[in-house]
Amino acid sequence: MAIKEKKPWNRTPLIESSVLSESAGWYGCTISPPPPPSPCCLITTAHETRLLNRRSRVFLKLETLQPGGSFKSRGIANFCLRALNRSQHPSKLHFYSSSGGNAGIAAVHAAIFLGRPCTVVVPMSTSDVMVAKIKAAGAQEVVQFGCGLKEAGEYLREVVMKKAEERGEEGVHVMPYDHQDIWDGNATMIEEIREQMIEIGEDAPNVVACSVGGGGMINGILQAIEGIEAEGSSGWDRTEVVALETLGADSLAQSLQQGEHITLPGITSQATTLGAVRVSERTYELASKHQASGRVKSAVFTDAEAAMGSWRLADDERIMVELACGVTAALCYGGRLKRALGRPVKPDDKVVLIICGGHGVTLGMIDKWKREFGDVDADMKATEHPEAVTSEVTAHMDSKVDVQVDVVETELTPPPTPPDTGIFTQMTHDHLENVARAMCRPIIC
Amino acid sequence: MEFTIEKVPWITTPLIKSNQLSGIAGCNVFLKLENLQPSGSFKSRGVGNFLLAALRRQQSQPSSTNGPAAPIHFYCSSGGNAGLGCVHAAVTLGCPATIVVPLSTKPFMVEKLRTAGASNVIQEGETWAEADKYLREVLMAEAKQSDEGGETAVYVPPFDAQDIWDGNSTVVEEILEQLKEAEKHYKIAKDESTPSAPVLPDVIICSVGGGGLLNGICQGIDKAGLSSQVKVIAMETLGADSLSQSIKKKELITLPGITSIATHLGARRVSAKAFENGLRDMVVSDVAPDAAAVEVCRRIADEQRLLVEPACGVCLVPIYDGSLSRLVPGLRPESNVVVVMCGGSAISLEILADFVERYPYTFE
């Protein structure tokens, strides 16, 4: 079948960012900065000086340009492709997704590639803008049901897909992140990066940085790196992977800290697309193994820092990303890369940031983040630890932020003890309302 | 300093279909994302190719009795995207590049030129013309006379050279290849009577400053043999509309000045080649006010999550204001419109916010 040879995702650009390279290297580099321009004339430092002061290089893998707007196109499209190839009756296949966000859009695009229909069931809380986007992408139908992801998922499986079976269709529920086919698709990102580095005359990157929600992306990344090592290729054995999360959606970091695979009581970060209370089993397994060997470094930044990463990336590279992706960009500012790696940034470091993409951002939001978190590092001068300023800084975050929810596994039940940080200062029976206000839409049950 | 010429200073950029814009236009609308070129704009192609061609010419020349030719040092007088294109290409190809910019060039653009790796960034003159004059008559003259440098000084024009148009024309080759693949990734409206017909462009829209991009696009379309099938909409902003005015007067004119905020379209006189192309049946010229271009930038930020300059935004105005059907009559739902998003680095959140406040506009 011709479809087997074609890839349902794009080979995305790997672009070098001189601005982020300069910023990421500045704080950590052990070389001295170039001398300032002479006050007598406007001639700048000579080219030769700059060559001597080689700086670390930052590259951006632009997953935001996938057909579905995020890296999810890889994994989800691969999942759908394999399902189609395995099917006895491919012409009866109908894909179903219960994500109101990036995974849903990725599923629709994958289905179109494969020439099959896709129906998306989303919670009532999904914004009209997002519903319109899913329809415009070519969904067969968008059904709104349920207070949250759980109810939407149940309705999808127990009602919508059952009806489809009765009609003689073969329904396939598209998993958002916890499946080997998804990780295999996400792994292709590393294969491309490998080729693209070779194309520019470089070998393996020293650092690959990515955000972690449910862990589908990092599973693919680590799996691919292990595969390259197994081939005996040199270079990638020294590659470090920085796993980034936001405070309040840091299920992986907490699991690693506690030495066991834990489930968060709830999500208190506004980076809702990282909102998995529990990472996949495979993520915990891979991350703890590779953390022990020193390959994986876990880093947690506040929502304020993620917001800073988002608006700075917009100003510096003219690309707008949601908070879930901004947390990765934040690594390049304020010496965070050095802190995350636990070592100085070297002049010959090559850092690849996975710009994972996502639809949950508008110009208004970026503007707001810039105004509210205009200089996050100024706030942090008093302390070494970002967490120490969380409660003060995030308390300023206006709860009416139009964030599109792609909640992978949010438990909408009150946690046993109210968290001291973040925008939720009391977790009572008003918890649901707080979450709704943060998501800027009414909860209709 | 060694240089290599196996490297190519531009990349194959993505061609994406925009569902929002397709819905508004009522046909298939694609965006060619030249904003992702290494230098931030399509200039990586044209200016990049100019540098590449100069290096190749030098390499192919037999060594003179004095030994091999002195390595090339590139000089450019653009404080904008052409300057950045020159610097990025020079750094990629391993050559030094000196940029002379007018005093009016914004500090953050000067900083970008330095960060990109310019050997020198010199500010001289009130206008681009004065900066350019200083570059050619003073700086390069000195470089050519000097024995110490042992370099061959090469002037890089911003848009008026065949090598630049050759580089820019590569965008058309890519568009044609990528349109063939488009059906695999996007829902494409097609004529139901010929479902397996190839996806070809019916309209290509681009911005016009000096006309280097327009020339490259026309050349690429001619080379593909599609001149009778494709219309090229050449967009300018009011106050930087040298091409449009030349076409109306049927003579190549020079504007007295540039009054548009889209300063990167600010060539008072387009190249003769662009004027020639502008008179062809294949090309339709149109002009939009600054405010419309700014409103496009605001909407594209929300819809595509990309920040572009008004010089780039202007080429989407026909889609947002519905003038597309007037400019190219006979478009159908299955028509394919490709907008070359030329890119550009002179935009930031602050600049856009300022423009939006000063130039409010709503598309009807």
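Scope of the values below: all heavy atoms of this structure, side chains included, with no hydrogens, waters or symmetry mates. Quick caveat: nothing in here was measured; it's all calculated off a predicted structure.
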Please tell me if the side chains of [X] and [Y] come closer than 4.5 Å, counting only heavy atoms from C-beta onward.
| X | Y | answer |
| --- | --- | --- |
| B/Leu307 | A/Leu363 | yes |
| A/Ile319 | B/Arg305 | no |
| A/His109 | B/Tyr186 | yes |

Given that the side chain runs from C-beta out, which part of [X] has a heavy atom under 4.5 Å from chain B: side chain, backbone, both or neither?
| X | answer |
| --- | --- |
| A/Thr64 | both |
| A/Trp311 | both |
| A/Ile200 | backbone |

Could you give me the CA-CA distance, side-chain angles and deciding distance for A/Met320 and B/Gln304, then say whether side-chain contact (heavy atoms from CB on, under 4.5 Å) is met?
-> CA-CA 9 Å; A/Met320 289 163 51; B/Gln304 300 296 334; over 6 Å; no

Which value, rounded to the nearest 0.5 Å, describes the distance between [X] atom [atom1] and [Y] atom [atom2]?
| X | Y | atom1 | atom2 | value |
| --- | --- | --- | --- | --- |
| B/Thr115 | A/Leu20 | OG1 | CG | 11.5 Å |
| A/His359 | B/Glu303 | NE2 | CD | 12.0 Å |
| A/Glu317 | B/Leu306 | CD | CG | 11.5 Å |
| A/Glu22 | B/Arg114 | CD | CZ | 10.5 Å |
| B/Ile16 | A/Asn10 | CD1 | CG | 9.0 Å |
| A/Ser18 | B/Glu111 | OG | CD | 10.5 Å |

Looking at A/Leu65 and B/Pro14, what are the two nearest heavy atoms and their distance?
->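 Closest approach of A/Leu65 to B/Pro14: CD1-CG, 3.6 Å.
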
Looking at B/Leu36 and A/Pro13, what are the two nearest heavy atoms and their distance?
->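 Heavy atoms only, the tightest pair is CD1-CG, 4.3 Å.
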
For B/Asn28, which residues count as a side-chain hydrogen bond (donor to acceptor under 3.5 Å, both in side chains) partner, sequence neighbours excluded?
->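 For B/Asn28, the residues satisfying side-chain hydrogen bond (donor to acceptor under 3.5 Å, both in side chains) (neighbours in sequence not counted) are B/Asn336.
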
Which atoms of B/Lys17 approach chain A - backbone, side chain, both or neither, heavy atom under 4.5 Å |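 Answer is neither: B/Lys17 stays 4.5 Å or more from chain A.
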
Relative to chain A, which segment of B/Arg299 carries a heavy atom at a distance below 4.5 Å: side chain, backbone, both, or neither?
->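 Neither part, no heavy atoms under 4.5 Å.
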
Acceptor/donor pairs from residues 344-355 of chain B side chains to any protein atom, 3.5 angstrom cut, sequence neighbours excluded:
| unit_1 | atom_1 | unit_2 | atom_2 | d |
| --- | --- | --- | --- | --- |
| B/Ser348 | OG | B/Glu350 | N | 3.4 |
| B/Ser348 | OG | B/Ile351 | N | 3.2 |
| B/Asp354 | OD1 | B/Arg358 | NE | 3.4 |
| B/Asp354 | OD2 | B/Arg358 | NE | 3.2 |
| B/Asp354 | OD2 | B/Arg358 | NH2 | 3.0 |

